[in-house]
Amino acid sequence: MIRINGIKVPLDFDFSDLTEFCVKKYRLNTKHIKNIRLSRKSVDARKKTDVHFSISVDIESSDENRLLKTIKNAVKTEKYTYTVPTAVRYGKRPVIAGFGPAGMFAALVLAMSGARPIVLERGEDVDTRCKTVEEFRRTGKLDTESNVQFGEGGAGTFSDGKLTTGIKDKRIGWIFEKLAEFGAPEEILYSAKPHIGTDKLIDVVKNLRKKVISLGGEVRFGAKMCGFTRNGNDLTSVIYSDESGMHEIETDSLILAAGHSARDIFELLYSEKIELSQKNFAVGVRIEHRRSDIDKAMYGDSAGHPALKAADYKLAVHLPNGRTLYTFCMCPGGYVMAASSETGRLAVNGMSCFARDAENSNCALLVGVNTDDFGSSHPLEGMYLQQKLEEKAFIAGGSDYHAPITYVGELYGETVTDKVEPSYCPGVKKADIADYLPSYVCETLKLGIREMGKKIKGFDASGAVLTGVESRSSSPVRINRGEDLQSVSLRGLYPCGEGAGYAGGIVSAAADGMKCAEAVILRLNGGAV
């Protein structure tokens, strides 16, 4: 198979005529052509007067050698096919704690292998969870066990379903194929910036769960892991609680995919002398602009073209104070979400539906928090710092899960004009960012927003609104594991995904879940002890 990269096509291009286009453009002999498909599609808006699509095309042909010689930008490529390993020996059923991206794909691989995993998810199934989250957004009534952080699908369910990743892993193609099989839009298979959207993720998550169950796995909701037993350095069982009481599952394999907000799990592991280490994280706010303004800034006169979705962006600025301000989890045409999971602590996140057609676009503006900023060598000190900031944000917002907001112009003592309407629910309250953020974060925001305004026109508009606090972008703790992916302190414990400090998004978490499942299967088959 050959791939032709960097093909420029107009915004009005008819992708249903892709084969005919390639045949004419490259003078292909149709008798040699087996298949032509779109493999990548991106928007090139570097010149606002010439916004267009840049595409890559895969061609299967019996005449590939000639095409490689005659077509510019043509390269040989091979499609990698992932094969799920088979569990040929069956011992005690493996347990997975957490059913976010890492836990879901760990469960899928284990179920497909024949290992019949048991999944413990402290939150609710995704349909019930959606109602609980919406109740919190309407009333401020928080369920600490089922919310934006906890429940089927994990924190990624109430985000944008972004599938961009910086990792290079052979498993990624398979992850995308499975997501599409379970209901994700087909365009994730070729989009340069693929996303699913919360509204479509709900069905994807349900369909994946049904597949796991059909293959002999179990998914137990409202099942909160609260302990484990061991014999020396070997795991012997997992203890969990649900509405009927305490339960114990005998197992020698636990994939711990509890997510970065399961702070009680970090406390449990610390008390059980499981080796943990500090990890850098980031903190900041969400900035909101009107979607139409961002579209205009990014696309120029092409903004509003029916072939273009809401514009996104990615920025980073290095500043004189030695800090960096960067954007994260940009949600075009989305909402700022109430992402709290603990009583008396407030956190926000971003979310978009697939259409990305809400009035505002938002993203996180983050400043790195290094272990030197923690003020202590305690392995959980970063987590404690997160909690302190969230407590301050809760108070700054009025102590009722309203979020503190500040208009950008107020950072600079300007008169604020043309204010953006905040999308956060259940409500907002005016506050100074200094009420809940450290001074070095406030300084970096003030310096960095101005610099970002030089890169995107209107980014630093006085009426853009800042909502805080964004504190859950990554885990502040790493659960240390060895090359066999098992905890260095307990055989049979597989720290996994974003919460354990080994991933940073849906795709990397899913890939890490698969790796941990493979390690469990290897151990089941007698390949590791």
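Reckoned from all heavy atoms, side chains included, excluding hydrogens, waters and symmetry mates.
A salt bridge is absent between Glu152 and Arg129: the closest approach of a Lys/Arg side-chain nitrogen to an acidic carboxylate oxygen does not fall below 4.0 angstrom. Salt-bridge annotation for Asp203 and Lys206: present, with a side-chain N of the basic residue lying under 4.0 Å from a carboxylate O of the acidic one. One finds no salt bridge joining Asp312 and Lys162 here, because no Lys/Arg side-chain nitrogen approaches an Asp/Glu carboxylate oxygen to under 4.0 Å. A salt bridge does not link Lys131 to Glu124: none of the charged side-chain nitrogens sits closer than 4.0 Å to a carboxylate oxygen. Look at Asp44 and Lys8 and you find no salt bridge, because none of the NZ, NE, NH1 or NH2 atoms lies under 4.0 Å from a carboxylate O. With respect to Asp242 and Arg220, no salt bridge is recorded, no charged nitrogen being found less than 4.0 Å from a carboxylate O.
For the atom pair Tyr335 OH and Arg137 CZ, the distance stands at 7.5 Å (nearest 0.5 Å). Taking OG of Ser487 as the start and CG of Leu269 as the end, the distance is 8.0 Å to the nearest 0.5 Å. Phe221 CZ to Glu145 CD: the interatomic distance, rounded to the nearest 0.5 Å, is 14.5 Å. Distance check, rounded to the nearest 0.5 Å: OG of Ser56 to CD1 of Ile4 gives 9.0 Å. One distance of note links CG of Asp143 with CD of Glu135; it measures 10.0 Å at 0.5 Å rounding. Expressed to the nearest 0.5 Å, how far OG1 of Thr467 lies from CE of Met337 amounts to 13.0 Å.
Checking side-chain atoms of His195 against main-chain N and O of Phe354 turns up a donor-acceptor pair under 3.5 Å. One N or O on the side chain of Thr251 and one on the backbone of Arg93 form a donor-acceptor pair closer than 3.5 Å. In this structure, Asp125 contributes its side chain and Thr128 its backbone to a donor-acceptor pair below 3.5 Å. No side-chain donor-acceptor contact under 3.5 Å links Lys48 to the backbone of Lys296. In this structure a side-chain-to-backbone donor-acceptor pair under 3.5 Å is missing from Thr86 to Val88. Side-chain N or O atoms of Glu78 include none that pairs as donor or acceptor with a backbone N or O of Met1 at under 3.5 Å. Side-chain N or O atoms of Tyr502 include one that pairs as donor or acceptor with a backbone N or O of Arg481 at under 3.5 Å. For Thr198 (side chain) and Thr157 (main-chain N/O), a donor-acceptor pair under 3.5 Å exists by modelled atom type.
Between Lys279 and Ser475 the shortest heavy-atom distance is NZ-O, 2.8 Å. Annotation for Leu485 and Pro495: closest pair O-CD, 3.6 Å, computed over non-hydrogen atoms. Considering all non-hydrogen atoms of both residues, Glu498 and Ser473 come closest at OE2-O, 3.4 Å. A pairwise comparison of heavy atoms in Gly499 and Phe266 identifies O-CZ, 3.2 Å as the closest pair. Across Ala311 and Pro332, no two heavy atoms sit closer than the pair O-CB, 3.5 Å. In this structure, Gly334 and Ser423 approach most closely via the heavy-atom pair O-OG, 4.4 Å.
Relative to the ring axis of Tyr494, Lys515 does not place its NZ or CZ within 45° and under 6.0 Å from the centre. The cationic group of Lys41 lies under 6.0 Å from the six-membered ring centre of Phe15 and within 45° of the ring axis, placing it in a cation-pi geometry. Because its NZ or CZ atom is not both nearer than 6.0 Å to the ring centre of Phe99 and within 45° of the ring axis, Arg209 does not count as a cation-pi partner of that residue.
A donor and an acceptor atom, one from each side chain of Ser341 and Arg472, are located under 3.5 Å apart. In summary, the side chains of His289 and Ser361 do not present any donor paired with an acceptor at a separation below 3.5 Å, with no hydrogens or angles considered. Using modelled atom types and a 3.5 Å distance limit, the side chains of Asp484 and Gln486 yield a donor-acceptor pair.
Residue Lys76 qualifies as enclosed at atom NZ: its count of foreign heavy atoms under 6.0 Å is above 12. Atom NZ of Lys211 sits in a sparse spot, with 12 or fewer heavy atoms from other residues, nucleotides or ligands closer than 6.0 Å. Around the CG atom of Asp14, the shell of radius 6.0 Å holds more than 12 heavy atoms that belong to other residues, nucleotides or ligands.
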For this session: Could you check Glu60 against Arg37 for side-chain contact (heavy atoms from CB on, under 4.5 Å), going step by step and ending with a plain yes or no?
Result: CA-CA 9 Å; Glu60 295 180 58; Arg37 72 176 185 89; 5.9 Å; no
For this session: Please test Val9 against Phe21 for side-chain contact (heavy atoms from CB on, under 4.5 Å), starting from the C-alpha separation and ending with a verdict.
Result: CA-CA 10 Å; Val9 298; Phe21 167 80; 4.0 Å; yes
For this session: Just do the side-chain contact (heavy atoms from CB on, under 4.5 Å) check on Phe105 and Arg171 with the steps written out, would you?
Result: CA-CA 11 Å; Phe105 274 86; Arg171 300 168 183 84; over 6 Å; no
For this session: In sequence, state the C-alpha distance, the side-chain angles, and the governing distance for Ile118 and Val238, and then conclude on side-chain contact (heavy atoms from CB on, under 4.5 Å).
Result: CA-CA 11 Å; Ile118 299 172; Val238 172; over 6 Å; no
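No side-chain heavy atom of Asn362 sits under 4.5 Å from any side-chain heavy atom of Asn360. No side-chain heavy atom of Tyr424 sits under 4.5 Å from any side-chain heavy atom of Arg286. Between Ser113 and Pro85 the shortest side-chain heavy-atom distance does not fall below 4.5 Å. In this structure, Phe136 and Ser340 have side chains that are in contact, with non-hydrogen atoms separated by less than 4.5 Å. Considering only heavy atoms from C-beta on, Leu365 comes within 4.5 Å of Met452 through its side chain. For the pair Leu18 and Val57, the minimum side-chain heavy-atom distance is below 4.5 Å. The shortest distance between side-chain heavy atoms of Arg66 and Asp63 falls below 4.5 Å. Within the 4.5 Å cutoff, the side chain of Ile2 has no heavy atoms near those of the Ser61 side chain.
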